[in-house]
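When a residue number appears, it is its place in the shown sequence, counting from 1.
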Amino acid sequence: MSGPNGDPDISADDGIINDEDGFEDEEYAAINSMLDQINSYLDDLEERNDALNGKLHELMESNRQARLEFRAQLFGSQTQEGEEERQQQQQQQHCPDEAKGNSSSSTEEDLNKDSEGLQLSDQND
């Protein structure tokens, strides 16, 4: 016959397994007290773990928000730079001399000055 745990050579009738181990009520109370302490420590660890988990989720959310804001700023500055480049290209297409900083193009002021200078020189002659 097999034993209580399925051991083939041990039988319950051999007297090896004895339910009367001689534990007294005091020993059970001491074991109970230790188990209560362990349970209390485990509850405390679980609360700390939950608090750390909550802080971790807050940190991750904060980090995600910061990354989104950084990307928005980066994208915004790239868009702004791209807009400035586009405007410069349009200016170069419409007025290539002005866009290059070349002052040889004539404006109304230049034309007015030139015509005044010619009128003065004609009067002097």
Side-chain angles (χ1 to χ4, degrees):
M1 179 173 166
S2 67
N5 293 329
D7 297 330
D9 296 331
I10 300 174
S11 71
D13 298 329
D14 288 341
I16 296 174
I17 301 172
N18 188 1
D19 289 336
E20 298 175 18
D21 292 334
F23 281 121
E24 307 242 349
D25 289 338
E26 294 171 1
E27 292 172 329
Y28 282 117
I31 292 172
N32 225 5
S33 174
M34 284 189 273
L35 289 174
D36 287 342
Q37 273 185 324
I38 291 171
N39 193 27
S40 174
Y41 292 141
L42 289 174
D43 287 343
D44 185 49
L45 281 174
E46 186 177 6
E47 287 177 15
R48 289 181 183 184
N49 186 34
D50 290 344
L52 286 173
N53 196 16
K55 288 179 182 179
L56 177 64
H57 282 289
E58 289 175 10
L59 180 62
M60 290 174 62
E61 180 62 26
S62 171
N63 188 13
R64 186 182 73 81
Q65 288 293 335
R67 281 186 289 123
L68 289 174
E69 290 173 8
F70 178 73
R71 285 181 184 161
Q73 288 175 353
L74 184 63
F75 181 70
S77 66
Q78 287 176 345
T79 303
Q80 191 175 26
E81 289 173 3
E83 181 67 24
E84 289 173 1
E85 289 177 16
R86 187 182 62 78
Q87 288 175 354
Q88 287 176 355
Q89 289 173 352
Q90 286 179 345
Q91 286 177 351
Q92 287 176 353
Q93 290 173 353
H94 294 300
C95 303
D97 292 336
E98 287 181 23
K100 293 178 186 174
N102 199 353
S103 61
S104 64
S105 65
S106 54
T107 62
E108 279 189 41
E109 289 180 18
D110 291 339
L111 291 174
N112 288 339
K113 287 180 184 177
D114 289 342
S115 63
E116 288 176 7
L118 287 176
Q119 288 175 355
L120 288 177
S121 65
D122 286 343
Q123 290 175 356
N124 288 340
D125 285 338

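- Considering only heavy atoms from C-beta on, K55 stays 4.5 Å or farther from L59 through its side chain.
- Between the CG atom in D44 and the CG atom in N39 there is a gap of 11.5 Å [rounded to 0.5 Å].
- For R67, the CZ atom sits in a packed shell: over 12 heavy atoms of surrounding residues, nucleotides or ligands are nearer than 6.0 Å.
- Side-chain N or O atoms of E27 include one that pairs as donor or acceptor with a backbone N or O of E24 at under 3.5 Å.
- Considering CG of L42 and CG of L35, their distance stands at 10.5 Å, rounded to 0.5 Å.
- With contacts defined as side-chain heavy-atom distances shorter than 4.5 Å, the pair R64/M60 does not qualify.
- In this structure, the separation between CZ on R71 and CG on L74 is 9.5 Å, given to the nearest 0.5 Å.
- Side chains of E61 and Q65: a donor-acceptor N/O pair is present below 3.5 angstrom, by distance only.
- A distance of 12.0 Å separates CD1 in I31 from CG in D36, rounded to the nearest 0.5 Å.
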